[in-house]
2 protein chains.
Amino acid sequence: MTKPTIKDVAKIANVSISTVSRVMNAPESVIESKRSKVLDAIEKLKYKPNALARGLIYKKTNTLAVVIPDIRNPYYADIIRGMEDASKKLGYNLIICNTDRDKKRLFSYLNNFYERQVDGILYTSDPVFPDYYNEIKRLRIPVMLVSTHSMEYELPSVKIDDEQAAFDAVKFLIDSGHRKIGMIGFDLSDSIAGQTRYHGFIRALRENDLDECKENIVYVNGWSYETPDAAAQMLAKCPDVTAIFTASDELAIGLLCYLDERGISVPDQISVIGFDNIRLSRITIPKLTTVSQPTYEIGYRSVEKLDAIIEEKEDPVLREYLPHEIVVRASTRRL
Amino acid sequence: MTKPTIKDVAKIANVSISTVSRVMNAPESVIESKRSKVLDAIEKLKYKPNALARGLIYKKTNTLAVVIPDIRNPYYADIIRGMEDASKKLGYNLIICNTDRDKKRLFSYLNNFYERQVDGILYTSDPVFPDYYNEIKRLRIPVMLVSTHSMEYELPSVKIDDEQAAFDAVKFLIDSGHRKIGMIGFDLSDSIAGQTRYHGFIRALRENDLDECKENIVYVNGWSYETPDAAAQMLAKCPDVTAIFTASDELAIGLLCYLDERGISVPDQISVIGFDNIRLSRITIPKLTTVSQPTYEIGYRSVEKLDAIIEEKEDPVLREYLPHEIVVRASTRRL
DNA sequence: TACCCTCATGTTAACGCTTACATAAATAGC
DNA sequence: GCTATTTATGTAAGCGTTAACATGAGGGTA
């Protein structure tokens with residue numbers, strides 16, 4: 001009824017438990033005749049070592065914890081897939097936790113990670129506030145920032161260059177002949193997706209003598225794509241825009257929906273460019289032009305880096321940037 | 001440098017380790033003066049008990065493992081949220097694993113769950129094949145089927161009544177005056193989302209003397225929404241359909257995209273009804289009429305049930321069905 | 001004062017595993 | 001053929017907890 005232990009195997013194979021242990025951890029050190037007896041016993045009992053007992057000794061659980069702010073956001077799906085594949089390769093297991101951006105939940109999870117002796121934490125997308133940082137330091141668990149970074153603190157990170165990516169998106173619109181450009185962005189209190197993309201937008205305008213557009217911004221403070229309000233404000237503020245850059249695909253999709261309802265044609269009357277290249281952006285109406293983030297690679301790379309830190313392998317680059325790319329589809333046109 | 005243990009606390013508080021343990025597990029049993037000394041020491045060292053050591057003794061890890069076939073499918077996001085909330089309430093932690101429908105990955109995860117002594121497994125959406133069942137039985141870990149069930153095996157499950165839900169969806173089209181109805185469904189090898197919804201479709205036709213429509217079915221064997229082929233086949237097979245029922249919202253969205261490209265207006269020329277009510281279905285163009293599954297509740301309830309089984313609380317209903325609902329939006333119209 | 005109970009606390013053996021150390025057998029060197 | 005070295009295996013300590021049991025101080029009763 002109860003799970004077989006190393007003792008049961010030892011008894012059946014007629015050896016001591018340390019021999020069984022050796023068969024599993026250093027097979028060459030035990031003589032062939034006994035080894036095969038042990039292997040037979042293991043097979044017969046379908047024995048598998050207890051990871052808790054092992055973890056107690058090794059002081060390593062081969063477990064990484066992933067913190068995600070909003071699991072409903074499709075952006076994270078491929079990040080997780082990348083993390084999973086890298087974890088598999090390196091022998092880790094993933095605990096995925098969704099905080100819904102609730103600080104209490106985050107702290108409760110962090111505590112839990114500590115108790116469960118996770119080897120590392122993958123902290124995704126959210127800014128690192130001072131109290132978060134303090135808590136993380138206190139735990140003494142290696143942390144990797146994924147799709148976010150921190151300039152104040154010395155924390156390793158993997159992400160794209162958001163400022164440059166936003167710049168490139170807006171530059172693409174400008175190069176397509178647009179002169180009346182608007183932006184729907186995240187609140188500037190968000191130092192990652194908010195500030196950086198705003199700065200990219202502004203820089204692209206400035207470098208192209210389009211400073212008059214720099215007031216054409218509407219901010220949203222939620223992350224959901226159910227924000228037609230923002231779209232309405234955008235049009236009220238600046239009725240003659242010919243192109244809108246949104247700080248996420250979800251925002252872009254919400255915008256597409258709103259414009260369709262208003263009978264405004266995309267891209268004939270207004271071009272729309274999104275950000276993230278979520279899977280869905282391929283089948284919106286019209287198909288969305290967007291900035292592609294290498295999400296899978298971000299996830300994959302972040303686990304590799306975290307492993308390097310845990311294993312103290314080499315000194316990885318502290319803040320690592322992966323390349324982005326503009327994916328041109330049907331929601332933008334040349335003027 | 002290293003994490004404080006119960007011994008460190010005992011030393012500082014000048015008591016034995018068992019007193020410290022008692023302070024944590026049965027505080028009333030230790031005299032106030034010592035208790036507060038212990039509490040102070042715990043606070044000072046920021047001591048947290050090691051969950052591995054605890055798990056070894058209790059033979060319980062308070063961990064549940066979730067197996068998901070395709071994390072990119074937005075359908076799972078709310079199921080996971082429901083599971084998380086219920087887990088939090090009941091004191092469990094969740095390990096979420098994505099199999100990408102790869103049997104090898106699934107088995108590797110199952111093995112891992114066994115080694116890590118998880119208390120229960122939440123197996124989501126996929127059919128239970130005989131070899132899966134054998135493996136699960138072998139592990140002797142309680143399993144809950146989520147959004148899937150098994151008629152052959154005695155496994156507890158939580159889901160909606162898929163046959164009835166499909167029936168209701170098609171009935172809704174019929175009641176709206178449609179007589180030429182098609183379906184894009186999953187392969188019948190899929191006993192959950194495939195067969196059941198097919199049967200619901202057929203029953204609705206039969207009960208309304210629409211047997212002539214029962215050939216208007218196209219099957220897809222992938223789960224991605226990048227399947228415009230299916231839509232093309234549908235139209236080739238039956239050019240005069242006025243309404244199409246799809247077995248998932250993702251399929252419906254793919255269909256919407258295809259019809260838009262072909263210049264076919266929804267719902268003017270063709271009505272479309274989906275299945276699942278994913279978050280996104282609110283902002284498609286046009287907004288999607290669909291069958292709403294109580295995804296959050298399915299996740300929540302499945303954890304409650306699994307906990308009841310683990311704790312041998314009461315005998316829960318083996319196969320539990322939660323109510324579905326038709327959500328009428330703009331992709332369907334009355335004829 | 002002797003006796004029994006209660007209650008708080010300490011001691012110690014588990015839980016399932018790894019590993020340093022001890023031991024015994026086999027091999028090598030001379 | 002005897003010691004020195006290697007090799008295979010067993011014994012036992014320890015990882016950080018909990019809990020059964022032991023101990024001993026204090027209080028109540030006769």
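Naming convention: chains lettered A, B, ... in sequence-line order (proteins, then strands); numbering from 1 in each chain.
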**Study point:** Non-hydrogen side-chain atoms of B:I95 and A:L94 separated by less than 4.5 Å
**Key:** no
Exercise for review: Would you please confirm or rule out a distance under 4.0 Å between OP1 or OP2 of D:dG14 and any side-chain N or O of A:Y58?
Suggested key: no
Point to revise | End-to-end axis angle, where each axis spans five pairs of the helix from C:dT1-D:dA30 to C:dC30-D:dG1, to 10° | key: 50°
Point to revise | A:N25 side-chain N/O to C:dT18 phosphate OP1/OP2 under 4.0 Å | key: yes
Review point. If you round to the nearest 0.5 Å, how far is CD of A:E154 from NZ of A:K137?
Key: 9.0 Å
Revision key, fill the gap. By nearest-heavy-atom nucleotide on DNA chain D, the more 5' of A:S33 and B:A53 is A:S33
Exercise for review: Please state whether the phosphate of C:dT18, meaning OP1 or OP2, lies under 4.0 angstrom from any side-chain nitrogen or oxygen of A:R54.
Suggested key: yes
Point to revise | From B:N112 atom CG to B:C97 atom SG, the distance as rounded to the nearest 0.5 Å | key: 7.5 Å
Check your understanding: Which part of the nucleic acid, if any, lies within reach of B:I57 when heavy atoms closer than 4.0 Å are counted: base, sugar-phosphate only, or nothing?
Key -> base
Point to revise | Distance in angstrom units between B:L56 CG and C:dA14 P, rounded | key: 15 Å
**Study point:** A:T19 side chain near D:dA8 phosphate (N/O to OP1/OP2, under 4.0 Å)
**Key:** no
Review point. If you check every side-chain atom of A:I31, which of C:dT9, D:dA12, D:dT9 has the closest atom?
Key: D:dT9
Practice item. Give the minimum heavy-atom separation between B:M83 and B:S302, together with the two atoms involved. Key: CE-OG, 3.9 Å
Point to revise | Short side-chain N/O contact from B:T5 to OP1 or OP2 of D:dG16, under 4.0 Å | key: no
Review point. Looking at B:K103 and B:D131, does any basic side-chain N land under 4.0 Å from a carboxylate oxygen?
Key: yes
Exercise for review: Taking only the side-chain nitrogens and oxygens of B:K7, find out if one of them lies under 4.0 Å from OP1 or OP2 of D:dC15.
Suggested key: yes
Review point. Taking atom types as they are modelled, is there a donor-acceptor pair under 3.5 Å from the base of D:dT11 to the side chain of A:S18?
Key: yes
Study note, to complete from the structure: Whole-Å distance, A:K59 NZ to C:dC17 P, equals 18 Å
Study note, to complete from the structure: One should read off an interatomic distance between B:R22 CZ and B:I31 CD1, to the nearest 0.5 angstrom, of 12.5 Å
**Study point:** Residue-phosphate contact under 4.0 Å: B:S21 side-chain N/O, D:dT18 OP1/OP2
**Key:** yes
